[in-house]
Amino acid sequence: MGARKVCITSLYRSACLLGIFSLWSYTSSLAQSDADLADAYFQKGECDKVVTLYQKVLRKDFNKIYLRRYVNCMIKLKNFEEAEKFFKRQQKADEKFGYLYTLYWGRMLEQMGQVPAATLKYQESIAQAPPKDINAYKDLSEEFREIDNTEAAINALLKGRDMAGNDNLFKMELAALYAQTGKTEQMIEELLSLGVVIQSKEVIQNYFQDFLREEKDQAKFEKILYEKIQRQPNETFYAEMLIWFLTQKKQFSKAFIQERALDRRLKYNGAKIFDLGNLALQNKDYGASIQSFEYIIKEYPQGQLYPYARRMVIVAREEQVKNTFPIQQAAVRKLIEDYKKLLGELGQNNRTLDAMRSMANLYAFYLNEKDTATVILQNAIKIGRAESDFIDKCKLDLGDIFLLKNEPWESTLLYSQVEKSQKETPLGYEAKLRNARLNYYKGDFALAKDILDILKMATSREIANDAGSLSLLIQDNTGLDTSEAAMREYAAIDLLLYQNQTTEALAALDELFKKYKDHSLADEILWLKARTYAKMGEHQKAVDNLQQIVEKFPSDILADDALFMMAELYQNRFKDKQKAMELYQTILEKHPASIYGAEARKQFRLLRGDSL
């Protein structure tokens, strides 16, 4: 009898549970269908049908999206009284999310034009958030952002931070809000303090790149970093961020000062300064590069980086000399003396092979002492016989020297050797390009173009661009007359320039232009003259030839090149800001598809004083 009673009781409980489950399933499906129906009406814009359904859904289960939609519909219907009743009921019925109902009650008041009352509701919603629920403050902030109230969004996060007693909360979110509202200093403070906590420069740098668009904001960032470094000299994060910022701005000398301070404090043995020197060199800031390498030479004469810094400081000086026109022979001889001292100090060995090669090229191409250069290269090849890549680079140099000596057969023999030993490598492609240029100088345009067209598709961008330019020059200026006389004469003059016979080449170009002023090659002749005069430092003569291209050949391929080069000369050599701006603007107006378009726009804005 007892067993039967237990059995009946168990059956009864099971039946009850089944009934409860069925009732829950029915209620849930009903709520689901109410939500689906409400969504369907909302998508159609039928607000009069949707509000009652959303009220039913929200009473059963809170949902932020449904609340937003409900409010949007009530605003559209201007049914403010009904909405306020609903908010009052829900505040009491749904204590967990009552603060969000208060927020949207404030939104309703704001739409009714009752701004002070709305502000009070917004403040009340923040005060109502569960004190220990950090996510509640984050939700509030997101909802305030949804209604474009960024100030309230900030206040919600600050209150949450205060309630949690944790100043490291919400730093990224607050930084974004401060950036949005133009509170640059606060944004910078949030991100920097976060960076100190997480010690991840890359993450913080990415955010600063997004937020610091304006010049005035970048100035504030730099000022704040200097202040923090002075107040907290032992916190290296600030100095590292300042170095990053200064290198982004290409202010390498300023970056060097900060990097030097860190090097002395943290005993980096010059490693980071060496990297900075190389970066400055890549960006053609030769002064900062020399400064960096000289520091390593002075501070670490016994260090591992010393021989490399000794070499690189001369490389930086060499690039400075080569890019200062006209090139001074006295400066070249000083560089050679520096190389000789380096070799005397470190010896002629595998560590100084590149120095020997650089010295040889200075002798050959700038002092016209080709035999001296040849002896140095041959000696370098003996010392570096185990370095196959180095030997092939020396062979290319020797091939160039033979071309200077007007011995093209020796040149092509060396270029071909490198082509064979360096198949499908950048060095092999470079050798192939030099062979193509040699055929161009000799007037064998068909063979040169065949090689160049292969190189356009099969190598690095730099070599491909050079190959493409020379191929286009040949294509545009051959086949128009059967003798190809104009192109042969032009190529021969180009060889004279390569051989540093500048005076003879310029005289020949003048005659060539008179002879072929109506030929398709005419603008190329003027362009070659302009570039030659610019290298000689005769900038006005360069501009005169560029101006002829612009006036006589405004639709030809070199028109935008001529305009851009003129603009740079007026900007950097003549210091004529207005004329440079005028020329950059001409590029943008008359040559909108020019490859110089982006840089022309940038330089124009810089000269005008815009913040970039």
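The shown structure was predicted, so the numbers you read here are calculated from the model rather than taken from an experiment. As a basis for the values below, the full set of heavy atoms in this structure was taken, side chains included, without hydrogen atoms, waters or symmetry mates.
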Checklist entry - Is there a donor-acceptor contact under 3.5 Å linking the side chains of Y429 and E419? => result no
List, one per line, each side-chain donor-acceptor pair under 3.5 Å for residues 524-531, sequence neighbours excluded.
from	atom 1	to	atom 2	distance (Å)
K529	NZ	D510	OD1	2.7
K529	NZ	N545	OD1	3.3

Next on the checklist: Against the six-membered ring of W244, is K272 placed for a cation-pi contact (under 6.0 Å from the centre, within 45° of the normal)?
Outcome noted: no
Checklist entry - Once the angle between the rings of H519 and Y516 is folded into 0 to 90°, is it parallel (under 30°), tilted (30 to 60°) or perpendicular (over 60°)? => result perpendicular
Checklist entry - Taking atom CD of Q585 and atom CG of L607, what is their separation to the nearest 0.5 Å? => result 11.5 Å
Next on the checklist: Taking E337 first and then K341, would you say they form a salt bridge - that is, a charged N and a carboxylate O separated by under 4.0 Å?
Outcome noted: no
Next on the checklist: Out of the candidates L242, I273, T247, only one should pair with E259 under the side chain to side chain contact (heavy atoms under 4.5 Å, CB included) rule; please name it.
Outcome noted: I273
Checklist entry - Salt bridge check: are K405 and D371 linked by an N-O gap of less than 4.0 Å? => result yes
Next on the checklist: Check the orientation of F445 and Y440. Use parallel for under 30°, tilted for 30 to 60°, and perpendicular for over 60°.
Outcome noted: tilted
Checklist entry - Strictly by modelled atom types, are Q205 and K201 linked by a side-chain donor-acceptor pair under 3.5 Å? => result no
Checklist entry - Should we say atom OH of Y498 is surrounded by more than 12 heavy atoms from elsewhere, each under 6.0 Å from it? => result yes
Next on the checklist: Do E318 and Y339 pair up side chain to side chain, a donor and an acceptor below 3.5 Å, judged on atom types alone?
Outcome noted: yes
Item to check | Aromatic contact, Y584 with F604 (centres under 6.0 Å) | outcome: no
Checklist entry - Got a salt bridge between D400 and R434, using NZ or NE/NH1/NH2 to carboxylate O under 4.0 Å? => result yes
Checklist entry - Under 3.5 Å, is there a donor-acceptor pair between the S253 and D285 side chains? => result no
